[in-house]
Enquirer: 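Got a structure here, written out as structure tokens. Questions coming.
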Amino acid sequence: MAPWSGLWAGRPALAGDAYRGTPVVVKMENPNWSISEIDGDGGEFLPGAGGRRRRGKNAKQITWVLLLKAHRAAGCLTWLASAAVALGGAARRRVAAGRTDDSDAAEGDGVGVGAAPPRSWLYAFIRGFLLLSVFLLAVELAAYANGRGLVLVASVDSFHASWVRFRAAYVAPPLQLLADACVVLFLVQSADRLVQSLGCFYIHLKRIKPKPVHPAAMPDQEDPEAGYYPMVLVQIPMCNEKEVYQQSIAAVCNLDWPRSNFLVQVLDDSDDPTTQALIKEEVEKWQQNGAHIVYRHRVLREGYKAGNLKSAMSCSYVKDYEYVAIFDADFQPYPDFLKRTMPHFKDNEELGLVQARWSFVNKDENLLTRLQNINLCFHFEVEQQVNGIFINFFGFNGTAGVWRMKALESSGGWMERTTVEDMDIAVRAHLNGWKFVFLNDVECQCELPESYEAYRKQQHRWHSGPMQLFRLCLPDIIRCKIALWKKANLIFLFFLLRKLILPFYSFTLFCIILPMTMFVPEAELPDWVVCYIPALMSFLNILPAPKSFPFIIPYLLFENTMSVTKFNAMISGLFQLGSAYEWVVTKKSGRSSEGDLIALAPKDLEQQKACSTPILDLAAIKVQSIPKQQSSPRKEAKKKYNRIYKKELALSLLLLTAAAHSLLSKQGIHFYFLLFQGLSFLLVGLDLIGEDVK
């Protein structure tokens with residue numbers, strides 16, 4: 001038997017022990033460690049019974065526990081208060097500045113050409129619906145007050161009774177019909193999402209991955225020249241992207257490929273003379289270090305990115321190359337990119353495209369980038385991988401891919417008829433019988449838009465372009481001599497379900513019909529449509545990015561918030577409205593991961609072996625990674641602003657009005673959904689979700 005003060009085996013000292021100063025006795029009677037503790041209160045521990053205490057806590061212990069909990073609660077409240085103050089200050093700055101999405105469009109804000117002020121038909125519709133909702137809420141409140149004996153407006157009862165009869169006879173039936181139709185579309189799209197997720201699970205379970213028909217031989221001491229090294233043309237299209245041109249050019253020039261077997265084309269569409277000079281200087285620097293790289297600038301900048309690529313393909317030396325790899329200006333391929341993609345083309349003459357997945361250097365920058373990462377992880381891990389494995393077709397992502405030259409030429413080459421030239425060439429190549437391979441284990445690093453303005457314009461282009469393409473390609477799909485199931489997949493799944501129906505029902509069901517059912521309670525949406533199915537779909541979407549599970553609720557709300565932008569873009573593209581052809585280059589921040597710093601230091605490439613990865617000194621890398629000051633005067637960069645988005649703000653007021661009305665009719669899950677969705681629209685409408693420009 002031995003005394004210890006303050007601790008027994010396995011138990012930390014209690015707060016009260018320091019004040020009592022009483023000894024704790026631990027006795028060992030047998031190998032089963034029957035331990036008893038005798039303290040000043042006569043309490044006893046029985047570890048064999050799970051360590052339960054047989055005595056009650058004294059007053060000092062309870063006081064310390066309560067003080068600790070109060071301290072934690074105070075810290076939490078302080079954090080919430082500071083966050084609320086910060087949000088309030090940011091919102092006050094937005095309102096005081098008075099900059100809206102319409103005013104910026106009128107001023108020509110943004111990078112690129114072809115930008116046009118957005119059509120205001122959707123905003124006018126939402127604003128009219130909001131005014132009607134506020135009026136109906138006032139009528140309901142007045143009728144409710146009159147029923148409680150507080151007569152506010154004597155004539156409101158007769159008007160309210162007439163409105164109830166009218167909505168039951170003429171408003172509720174068509175609204176219920178539209179709601180049922182949207183629910184059916186919702187279920188069909190959810191089933192498609194579930195089937196794709198099950199396909200991805202099957203791929204992981206069976207460990208299925210694309211393999212080359214005949215893997216290329218690996219170089220060794222006996223045959224250092226062994227391997228498959230065809231002629232590859234690497235293209236980097238860019239336009240006024242001075243934040244990222246250095247790292248992309250450096251990454252491509254450091255590709256582990258025989259220098260005589262690949263050529264880099266820097267396709268500069270910049271209209272800023274300073275940016276042109278900087279990019280040209282960077283190309284010349286790499287040329288002096290032995291890289292095979294050329295600079296090309298167009299005088300007539302027509303057709304956006306498609307026109308840039310089409311113009312580059314007209315060069316006389318292009319005919320010497322069998323394949324073309326394309327990287328956007330913010331993409332940084334790893335040195336082994338070509339070594340991991342090119343073997344799939346060997347002895348596989350039907351293969352037209354090898355696509356790699358994207359990874360993101362700034363996915364944890366803010367809430368907006370985290371939510372984008374969830375969406376894109378699902379897109380690559382599930383959609384692209386499943387379609388690539390089972391049907392050898394998917395939409396080309398426009399970058400981080402390698403095309404067979406023959407596939408591009410036989411499919412008509414690049415066309416400027418839509419804003420989604422990548423999807424256009426992919427569909428035409430598929431109709432010509434070419435097969436695609438998606439490599440989920442080959443990554444290429446890039447950036448995510450950090451501001452909501454940049455993300456919104458990117459999504460507008462990504463959702464209006466497919467509708468333009470669908471109108472143009474539908475006759476060709478019908479006439480094409482391919483299998484019937486391939487036609488059905490293209491028309492009903494690839495275009496209609498995933499590009500048209502998804503944004504249509506997301507906006508109509510959750511932003512229009514649901515708040516309308518609060519004012520017309522005769523039409524109903526069941527709880528499983530409002531909560532359970534969306535929660536399940538969000539769970540499936542977030543599975544490829546398991547570290548993002550804490551953001552599942554913000555992700556669900558944000559996806560519904562983005563439906564207004566996607567719906568507007570879809571309608572613009574389908575009916576050829578003015579904003580359908582808006583092309584704005586997504587703004588970049590020039591972020592690079594620590595592992596990519598190696599790409600920023602040029603080295604004498606002539607001293608490298610034919611198939612070697614450059615080994616650079618880390619100190620030299622960090623010195624080279626610091627951008628040097630230019631002596632020439634630069635054009636003053638355009639200032640960035642946070643702005644107010646009127647459509648999102650009007651929808652937030654509409655949903656919050658419907659939430660207030662639901663307290664009079666339908667409490668429960670409808671109220672909470674409308675409340676939090678309205679707050680989500682409010683945060684986005686005040687531009688509080690992405691980059692905060694002060």
Side-chain angles (χ1 to χ4, degrees), residues 186 189-210 330-334 340 355-390 394-395 397 400 438-450 452 455 458-459 462 498 502 506 528 530-563 566 591-596 673 676-677 680 683-684 689-690:
F186 178 38
Q189 196 275 333
S190 300
D192 174 63
R193 186 63 54 92
L194 180 61
V195 169
Q196 286 186 318
S197 299
L198 292 176
C200 182
F201 176 75
Y202 179 80
I203 290 172
H204 283 279
L205 183 66
K206 297 295 184 179
R207 297 182 179 179
I208 302 173
K209 60 183 300 185
D330 61 316
F331 278 71
Q332 306 164 46
Y334 290 103
R340 299 181 68 183
Q355 172 73 59
R357 74 172 293 164
W358 303 353
S359 59
F360 311 104
V361 297
N362 61 338
K363 62 182 179 181
D364 297 324
E365 184 64 25
N366 55 42
L367 178 59
L368 179 61
T369 58
R370 291 177 185 272
L371 300 180
Q372 291 178 70
N373 179 60
I374 295 173
N375 256 342
L376 290 171
C377 282
F378 181 87
H379 170 68
F380 289 110
E381 185 82 19
V382 179
E383 294 176 340
Q384 297 290 75
Q385 184 173 212
V386 168
N387 290 326
I389 291 292
F390 292 108
F394 47 81
N397 292 117
F438 176 75
L439 302 179
N440 192 53
D441 57 344
V442 179
E443 297 184 354
C444 188
Q445 290 193 330
C446 62
E447 281 190 23
L448 291 167
E450 296 181 7
Y452 179 70
Y455 180 63
Q458 180 196 70
Q459 292 300 303
W462 285 5
R498 298 167 189 165
L502 177 58
S506 296
W528 56 268
V530 177
C531 179
Y532 304 131
I533 299 296
L536 176 61
M537 292 301 103
S538 297
F539 177 78
L540 293 178
N541 279 21
I542 214 168
L543 279 178
K547 293 183 179 180
S548 300
F549 267 103
F551 301 95
I552 186 169
I553 294 179
Y555 171 74
L556 171 61
L557 298 174
F558 181 68
E559 280 301 288
N560 288 334
T561 304
M562 283 303 300
S563 65
K566 297 176 181 179
R591 300 188 186 277
S592 179
S593 67
E594 189 71 23
D596 287 331
F673 181 87
F676 289 112
Q677 191 63 69
S680 175
L683 292 177
V684 173
I689 189 173

Enquirer: Closest heavy-atom contact between N373 and S548?
Expert: ND2-OG, 4.2 Å

Enquirer: What are the two closest heavy atoms between E559 and N375, and how far apart are they?
Expert: OE2-ND2, 2.8 Å

Enquirer: What is the minimum heavy-atom distance between C200 and V386, and which atoms define it?
Expert: N-CG2, 3.5 Å

Enquirer: Under the 3.5 angstrom rule, does the side chain of E443 hit a backbone N or O of Y334 as a donor-acceptor pair?
Expert: no

Enquirer: Quick one: sort the F549 and F539 rings into parallel, tilted or perpendicular, breaks at 30° and 60°.
Expert: tilted

Enquirer: Applying side-chain contact (heavy atoms from CB on, under 4.5 Å) to F378 and I542, what does each step give before you reach the verdict?
Expert: CA-CA 7 Å; F378 181 87; I542 214 168; over 6 Å; no

Enquirer: Just verifying a value: how many Å separate F331 CZ and C446 SG, rounded to the nearest 0.5 Å?
Expert: 3.5 Å

Enquirer: Taking atom CG of L198 as the centre, report whether more than 12 heavy atoms of other residues, nucleotides or ligands fall under 6.0 Å from it.
Expert: yes

Enquirer: Identify, with sequence neighbours excluded, every residue that meets side-chain contact (heavy atoms from CB on, under 4.5 Å) alongside L502.
Expert: Q189, R193, Y505, S506

Enquirer: Can you list the residues that meet the side-chain contact (heavy atoms from CB on, under 4.5 Å) rule with T369, with sequence neighbours excluded?
Expert: N362, E365, N366, Q372, L448, E450

Enquirer: To check you understand the geometry: which heavy-atom pair defines the closest contact between V382 and S197, and what is its length?
Expert: CG1-N, 4.0 Å

Enquirer: Output the distance between atom CD1 (I389) and atom CZ (F394), rounded to the nearest 0.5 Å.
Expert: 9.5 Å

Enquirer: Taking atom CD1 of I552 and atom CD1 of I374, what is their separation to the nearest 0.5 Å?
Expert: 8.5 Å

Enquirer: According to salt bridge (charged side-chain N to carboxylate O under 4.0 Å, His left out), does anything in residues 379-388 pair up with another residue at least two apart or in another chain? List the pairs.
Expert: R357-E381

Enquirer: Ignoring hydrogens, what is the shortest heavy-atom contact between Q332 and C444? Give both atom names and the distance.
Expert: C-SG, 3.8 Å

Enquirer: How far does CD of Q384 sit from CH2 of W358, to the nearest 0.5 angstrom?
Expert: 9.0 Å

Enquirer: First locate atom SG of C377, then atom CG of N541, and finally report the distance between them rounded to the nearest 0.5 Å.
Expert: 11.0 Å

Enquirer: To the closest 0.5 Å, what do you measure between CG (L536) and CG (L556)?
Expert: 11.5 Å

Enquirer: Which word best sums up how the rings of Y202 and F390 line up, parallel for under 30°, tilted for 30 to 60°, or perpendicular for over 60°?
Expert: tilted

Enquirer: Kindly assign one of parallel, tilted or perpendicular to the pair Y455 and Y452, based on the angle between their ring planes and the thresholds 30° and 60°.
Expert: tilted

Enquirer: Start with the C-alpha gap between Q385 and H204, add the side-chain angles, then the distance that decides, and say whether side-chain contact (heavy atoms from CB on, under 4.5 Å) holds.
Expert: CA-CA 11 Å; Q385 184 173 212; H204 283 279; 4.1 Å; yes

Enquirer: Using only atom types and a distance under 3.5 Å, with no angle test, would you say the side chain of S538 pairs donor to acceptor with the backbone of P534?
Expert: yes

Enquirer: Do R340 and L439 make a side-chain contact, defined as non-hydrogen atoms from C-beta onward lying under 4.5 Å apart?
Expert: no

Enquirer: Considering non-hydrogen atoms only, spot the tightest contact between F438 and P210 and give its length.
Expert: O-CG, 3.4 Å

Enquirer: Decide yes or no for L683 and T561: does some side-chain heavy atom of the first lie under 4.5 Å from some side-chain heavy atom of the second?
Expert: no

Enquirer: Is there a donor-acceptor pair closer than 3.5 Å between any side-chain N or O of Q355 and the backbone N or O of N397?
Expert: yes

Enquirer: Is there side-chain contact between L368 and F558, with at least one heavy-atom pair below 4.5 Å?
Expert: yes

Enquirer: Could you go step by step and tell me if R498 and D192 meet the side-chain contact (heavy atoms from CB on, under 4.5 Å) rule?
Expert: CA-CA 9 Å; R498 298 167 189 165; D192 174 63; 3.0 Å; yes

Enquirer: I'd like to know if E447 pairs up with K363 as an ion pair, taking the criterion as any Lys NZ or Arg NE/NH1/NH2 lying under 4.0 Å from an Asp or Glu carboxylate oxygen.
Expert: no

